[in-house]
Colleague: 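Sending over a structure as structure tokens; questions will come in a sec.
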Amino acid sequence: MDYVSALLPPVVMAVFFIAVIRVIVKTQGGANKAKEDAAVDAAIARAEGARQAPAHPDA
């Protein structure tokens, strides 16, 4: 019975990992791709805008 308790955590983790990978693969592309790309582009534009903003002098 010790072998069952030794193998159970890795098996559960492997099943969870496979499920996560399947979800990631299934959600790539499709109808949501343009929406996700637009959200990423907007976040990058905001980050670049904040980086290029002039620094405020302390004095």
Side-chain angles (χ1 to χ4, degrees):
M1 237 13 224
D2 289 337
Y3 63 90
V4 173
S5 62
L7 290 177
L8 188 60
V11 169
V12 170
M13 287 172 34
V15 168
F16 179 72
F17 180 74
I18 290 169
V20 167
I21 296 300
R22 288 188 66 195
V23 167
I24 290 172
V25 169
K26 279 183 157 187
T27 57
Q28 296 300 308
N32 291 330
K33 185 169 180 14
K35 209 174 3 172
E36 292 170 359
D37 289 347
V40 170
D41 290 342
I44 291 173
R46 271 185 268 132
E48 287 178 354
R51 187 180 320 141
Q52 293 176 355
H56 294 60
D58 290 338

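The structure displayed is predicted, hence computed values, not measured ones.
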Colleague: With sequence neighbours excluded, tell me which residues meet side chain to side chain contact (heavy atoms under 4.5 Å, CB included) with Ile44.
Modeller: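 Only Val40, Glu48 meet the side chain to side chain contact (heavy atoms under 4.5 Å, CB included) criterion with Ile44.
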Colleague: Flag yes if Leu7 and Phe16 sit in one hydrophobic cluster, no otherwise; membership is Ile, Leu, Val, Met, Phe, Trp, Tyr, and two members link when side-chain heavy atoms are under 4.5 Å apart.
Modeller: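 No, it is not one cluster - the side chains of Leu7 and Phe16 are not joined through contacts under 4.5 Å.
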Colleague: Who passes side chain to side chain contact (heavy atoms under 4.5 Å, CB included) against Ile18, sequence neighbours left out?
Modeller: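 By the side chain to side chain contact (heavy atoms under 4.5 Å, CB included) rule, Ile18 matches Arg22.
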Colleague: With sequence neighbours left out, what residues match Asp2 under salt bridge (charged side-chain N to carboxylate O under 4.0 Å, His left out)?
Modeller: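 Residues passing salt bridge (charged side-chain N to carboxylate O under 4.0 Å, His left out) with Asp2: none at all.
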Colleague: To the nearest 0.5 Å, what is the distance between CD1 on Ile21 and NZ on Lys26?
Modeller: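 Rounded to the nearest 0.5 Å, the CD1-NZ separation comes out at 13.5 Å.
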